[in-house]
Amino acid sequence: MTTATPTSVPTQGGLWAHLVYVLRDNPVTLLSFGLFAFFIGSAVLGPYLVPYDPLATNSAIALQPPNFSHWFGTDNLGRDVFSRVIVATRLDLSISIAAVALSFVIGSVLGAIAGYWGGWLDAVLNRVFDTIMAFPLFVLAMGIVAALGNTIENIVYATAIINIPFYARLVRAEVNIRRESGFALAARLSGNSHWRVLAFHIFPNALPPMMVQVSLNLGWAILNAAGLSFIGLGVRPPEPEWGIMVAQGADFVVSGHWWVALFPGLWLMLAVFTFNLMGDGLRDIVDPRRRT
Amino acid sequence: MSAPLRAVLWRILQTVPVVFGVVVISFVLTRALPGDPAVYFAGAMADEQSIEEVRVALGLDQPLWRQFFLYAGDLLQGDLGNSISTGQPVLTDLAMRLPASLELTLTALLIACAIAIPLGVLAAVRQGSWVDHLCRVLVTAGVSLPTFFTGILLIYVFYYLLGIAPSPLGRLDFIYFEPPRVTGFYLIDSLIDGDPETFFAALRQLILPATTLALFTLAPIARMTRASMLTALSSDYIRTARAAGLSGAMVLFGYAFRNALLPVVTTLGMVFSFVLGANVLVEKVFAWPGIGSYAVEALVVSDYAAIQGFVLAMALLFVFLNLVIDLSYTLIDPRIRFAAK
């Protein structure tokens, strides 16, 4: 960061120009924003727009390949794969967004406290995070869901728990380097409480790198949740969800019915891809130096 | 005591609190079962009295801290409880199935390193060329690919469409006999037995699942190799080496690559975390009889002792792998020895 000058530049226009510059330089980022809008649209409006009821079975049209009336074909119970894939967007996105939001909030609070006050609390929290990271994360999520009970909420909690260390570490580092900085001391001197300084003066500085982390993390959280439901945790059939649809479709792939597993898998991949691209793009906007 | 030896001992000592933490978490997980753990461990047919017996036998009537010591004591004796579904001690089951998982994981890692490291180096040397773009696409696609989905795609293409791959059911086609167990790795055991036919049969079964896992693993390794190679190539000592008139290959492999390799070795720790997790999914897709599919089977029938044993075993394996990585790091990099406290 450069030193602040008293005559502040018109940051709004500067940011906008920077954004346009970065997006023009990197059309892939623009594409990822477009895809993101598409997925949000599917999640919000999908259930009202799909041509068929995602749960309606009809054995007369079981396992039809993609055609004009069923774009993605039908599964073994005659359900329309396209409708199921689109409707599943809401559940998949909700799980991952809820999980990431939880770990964002909890990680921020714990990391900020540890970074600002330090001391024994910092040491204890660090040990706890070390221990969580000592597990292969997907395996720990399996163990947590198995122990807490096989429900969707517990998938959210498990995904949140395994992500907390990443956020907490990030916030801790960002807060720690600014704890003694001039603007924080000035804010203290003008009579703000520790909490106020921490929440309104120091923490906002950690937000840009956090946003990048959130975006990259969302993709990972979707993968994680879909993986858990693929092995039979959380989401129960017949509820449409990408992971479980791939799992059900896997039985038909060996007999050549590729569309049952392909489309939900493709959508899952596309969603993760979108979040990863967006994360990389955001990183370019937030911190051009870290481009790799 | 010599400096490297002290660094190694210090690093080994550092794993003690981590292992303790892992044991605490897995203890919490066994006690966090919904409802009464005694009811679960007594089984579905249990009546009031046998539940009470199980409660006393498991020590669940004791205060929590004493339960923890009982649990840790059992662990030290290698007692992870009995699996409900197989009726055997969980430790025996895990030991039986671990080689299958390790064979798969290690093969995948070898494939991933063999592709990712040259790719990353090339991408860094020819920055902006098609190799670089290919590397970028592979890296972003690789981390976005759900492993279970890649596996299914590969099965469809190579088993159903092309018919080159054997049916994705386990480690060995049923027409072959298991090689006599020495290491538990079929590839090695069949060679020890002097049975090339079984060796190739096992290899054919292994290729698809290992490739699936490798595709996923490749991305972080290639990314790290490229980044650290770029850093190394732009450093002063490379400029000096070039200015001193050393040949291109000497500069590249003798100086840049050796230095770039260190961060890559460090990332392997993170990669192991992903691989061990993805392993579970790949084992399910290919019906691979490793500890991952053992845990998935246990999940279906709510076999808690087996699941918790699996989670603990994976965590200890991961801690051990990280230790090995750090130790090799200490031995490779002479600077680390002085940094050790």
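Proteins get letters first, then strands, A, B, ... in listed order; numbering begins at 1 in each. This one's a predicted model, so the numbers in the text were calculated from it and none came from an experiment.
- The shortest side-chain heavy-atom distance between Leu262(A) and Phe149(B) falls under the 4.5 Å cut-off.
- Residue pairs meeting the salt bridge (charged side-chain N to carboxylate O under 4.0 Å, His left out) criterion with at least one member in residues 136-157 of chain A, sequence neighbours excluded, do not occur.
- More than 12 heavy atoms of other shown residues, nucleotides or ligands fall within 6.0 angstrom of atom CZ in Phe68(B).
- Both the backbone and the side chain of Tyr156(B) come within contact range of chain A, each with at least one heavy atom under 4.5 Å from a heavy atom of that chain.
- Separation of atoms CG (Leu276(B)) and CZ (Phe138(A)) is listed at 12.0 Å; rounding is to 0.5 Å.
- Between Met142(A) atom CE and Gln308(B) atom CD the span is 10.0 Å, to the nearest 0.5 Å.
- Taking CZ of Phe274(B) as the reference point, atom CH2 of Trp220(A) lies at 6.0 Å (rounded to 0.5 Å).
- Closest non-hydrogen pair, Ile152(B) versus Ala250(A), comes out as CD1-CB, 3.4 Å.
- Once rounded to the nearest 0.5 Å, the distance linking CG of Leu140(A) with CZ of Phe318(B) reads 11.0 Å.
- Residue Val139(A) is tested with Asn279(B), Val311(B), Leu317(B) for a side chain to side chain contact (heavy atoms under 4.5 Å, CB included); the sole match is Val311(B).
- For the side chain to side chain contact (heavy atoms under 4.5 Å, CB included) with Pro146(B), the qualifying choice from Val272(A), Val246(A), Leu268(A), Asn224(A) is Leu268(A), the only one to do so.
- For CZ of Phe158(B), the number of neighbouring non-hydrogen atoms (other residues, nucleotides, ligands) closer than 6.0 Å is 12 at most.
- Using a 4.5 Å cut-off between heavy atoms, Ile307(B) touches chain A through its side chain atoms alone.
- Atom NZ of residue Lys284(B) and atom CZ of residue Phe230(A) lie 5.0 Å apart, to the nearest 0.5 angstrom.
- Once rounded to the nearest 0.5 Å, the distance linking CG of Leu223(A) with CG of Leu145(B) reads 8.5 Å.
- Contact annotation for Leu153(B): only side-chain heavy atoms (C-beta onward) come within less than 4.5 Å of a heavy atom of chain A.
- Between chain B and the options Ile222(A), Leu277(A), Thr274(A), Asn276(A), the largest number of non-hydrogen pairs under 4.5 Å is found for Asn276(A).
- Looking at Leu270(A), neither its backbone nor its side chain comes within 4.5 Å of chain B, counting heavy atoms on both sides.
- Residues Ala315(B) and Pro136(A) share a closest heavy-atom pair of CA-CD, 3.8 Å.
- Looking at residues two or more places apart in sequence or on another chain, you find a side chain to side chain donor-acceptor pair (under 3.5 Å) between Ser101(B) and Glu283(B).
- A 4.5 Å side-chain heavy-atom check between Met314(B) and Phe135(A) finds every atom pair outside the cut-off.
- Taking non-hydrogen atoms and a 4.5 Å limit, the residue list of residues 286-299 of chain B in contact with chain A, ordered by number, reads Ala295(B), Val296(B), Leu299(B).
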Can you give me every donor-acceptor pair (side chain of residues 21-29 of chain B, partner residue at least two apart or in another chain, under 3.5 Å) with its distance?
residue  : atom : partner  : partner atom : Å
Ser26(B) : OG   : Val22(B) : O            : 3.4
Ser26(B) : OG   : Val23(B) : O            : 3.1
Ser26(B) : OG   : Tyr71(B) : OH           : 2.9

